[in-house]
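Everything below concerns the one structure shown next.
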Amino acid sequence: LGFILGLYQSEAVNRWWTVVNEGVYGIGAALQDNIMYTAAYLTDNNNSEIVEAKKKLILYCKYALCFTLRRCAGHDRQFQVLAAEEALDAEERVIIETHHHQAHNLVCGWIIALWTSLYARKLLPGAEESLQNAIGACQDGRKATSLVDRYVNVQIPYEYYHLLILIAKL
């Protein structure tokens, strides 16, 4: 029985470790890259469009990380306080409230849309490479949030352990 419980405990710890290392740290790294690209590519502080875009990008990065951490902790509905403390548009709030379980992934999509919009308005220096770098970081963030979702939404398969217990009893 100790052997069977050891396997279960090992699987639970392995899942936790994967969520932390590949999920939470993955989204953190992707968002840090996005903030770095924001500082590197959006340097014209005299342009009001760029200043607003910088504020939105940093705000979206903050939200993506907070929503991911809340998702890991099982508090995916407790976003109202966070949404109220910063300047989200009314439309963005409605979208997040409607799709609260995917809020972290939605915000990564908004970051991609914002970078694409900056590219379309020719506000990115070294446009093609800058856009590819920023979108690549966002896609890495979405992979990390998808991993968190996958591990949070899917329980450890108990059938395997029930089968092992049955075999041990026989």
Side-chain angles (χ1 to χ4, degrees), residues 7-42 53-83 85-86 88-89 91-121 123-160:
L7 290 173
Y8 180 79
Q9 184 178 10
S10 173
E11 182 66 24
V13 169
N14 185 34
R15 287 170 59 93
W16 173 82
W17 189 252
T18 302
V19 166
V20 169
N21 278 328
E22 295 176 25
V24 175
Y25 291 161
I27 188 71
L31 297 175
Q32 283 179 342
D33 287 348
N34 255 295
I35 290 173
M36 179 188 67
Y37 295 140
T38 300
Y41 299 147
L42 305 177
K54 286 166 95 172
K55 287 179 184 176
K56 278 285 191 191
L57 282 167
I58 291 170
L59 179 68
Y60 287 164
C61 288
K62 175 183 171 182
Y63 278 125
L65 183 59
C66 289
F67 289 145
T68 301
L69 293 174
R70 288 171 187 236
R71 182 79 176 128
C72 287
H75 303 296
D76 59 332
R77 283 193 165 268
Q78 295 180 356
F79 61 86
Q80 289 91 352
V81 173
L82 182 66
E85 80 183 32
E86 295 286 347
L88 274 183
D89 297 342
E91 181 182 340
E92 293 169 341
R93 281 193 182 144
V94 169
I95 291 170
I96 287 177
E97 288 172 4
T98 307
H99 305 287
H100 61 86
H101 57 285
Q102 285 293 321
H104 49 291
N105 217 348
L106 286 170
V107 174
C108 286
W110 293 346
I111 294 170
I112 291 173
L114 190 52
W115 280 114
T116 305
S117 170
L118 289 169
Y119 173 74
R121 291 182 285 165
L123 294 174
L124 284 178
E128 194 66 39
E129 184 180 344
S130 303
L131 181 66
Q132 293 302 321
N133 289 338
I135 288 180
C138 290
Q139 288 172 338
D140 292 344
R142 284 188 128 175
K143 287 178 191 173
T145 60
S146 295
L147 180 129
V148 168
D149 269 345
R150 189 170 56 247
Y151 277 84
V152 168
N153 290 333
V154 177
Q155 293 183 351
I156 298 174
Y158 292 110
E159 293 81 14
Y160 173 70

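For this chain, numbers begin at 1 and follow the sequence in order. Heavy-atom basis, side chains included; hydrogens, waters and symmetry copies ignored.
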Roughly how far apart are [X] [atom1] and [Y] [atom2], rounded to 0.5 Å?
X	Y	atom1	atom2	value
Lys62	Ile35	NZ	CD1	11.0 Å
Tyr41	Met36	OH	CE	7.0 Å
Tyr37	Gln132	OH	CD	11.0 Å
Leu106	Thr145	CG	OG1	9.5 Å
Leu131	Glu129	CG	CD	11.0 Å
Cys61	Asp33	SG	CG	10.0 Å

What closest approach, in Å, do [X] and [Y] show between heavy atoms, and which atom pair accounts for it?
X	Y	answer
Thr38	Lys54	CG2-CG, 3.8 Å
Arg142	Cys108	CG-CB, 3.5 Å
Gly23	Ala144	O-CB, 3.4 Å

Let me check something: any side-chain donor-acceptor pairs from residues 110-120 under 3.5 Å, sequence neighbours excluded? List them with distances.
{"residue": "Trp115", "atom": "NE1", "partner": "Asn34", "partner atom": "OD1", "Å": "2.6"}
{"residue": "Thr116", "atom": "OG1", "partner": "Ile112", "partner atom": "O", "Å": "2.8"}
{"residue": "Ser117", "atom": "OG", "partner": "Arg121", "partner atom": "NE", "Å": "3.3"}
{"residue": "Ser117", "atom": "OG", "partner": "Arg121", "partner atom": "NH2", "Å": "3.1"}
{"residue": "Tyr119", "atom": "OH", "partner": "Glu128", "partner atom": "OE1", "Å": "2.8"}

For Asp140, which residues count as a side-chain hydrogen bond (donor to acceptor under 3.5 Å, both in side chains) partner, sequence neighbours excluded?
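Result, side-chain hydrogen bond (donor to acceptor under 3.5 Å, both in side chains) vs Asp140: none returned.
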
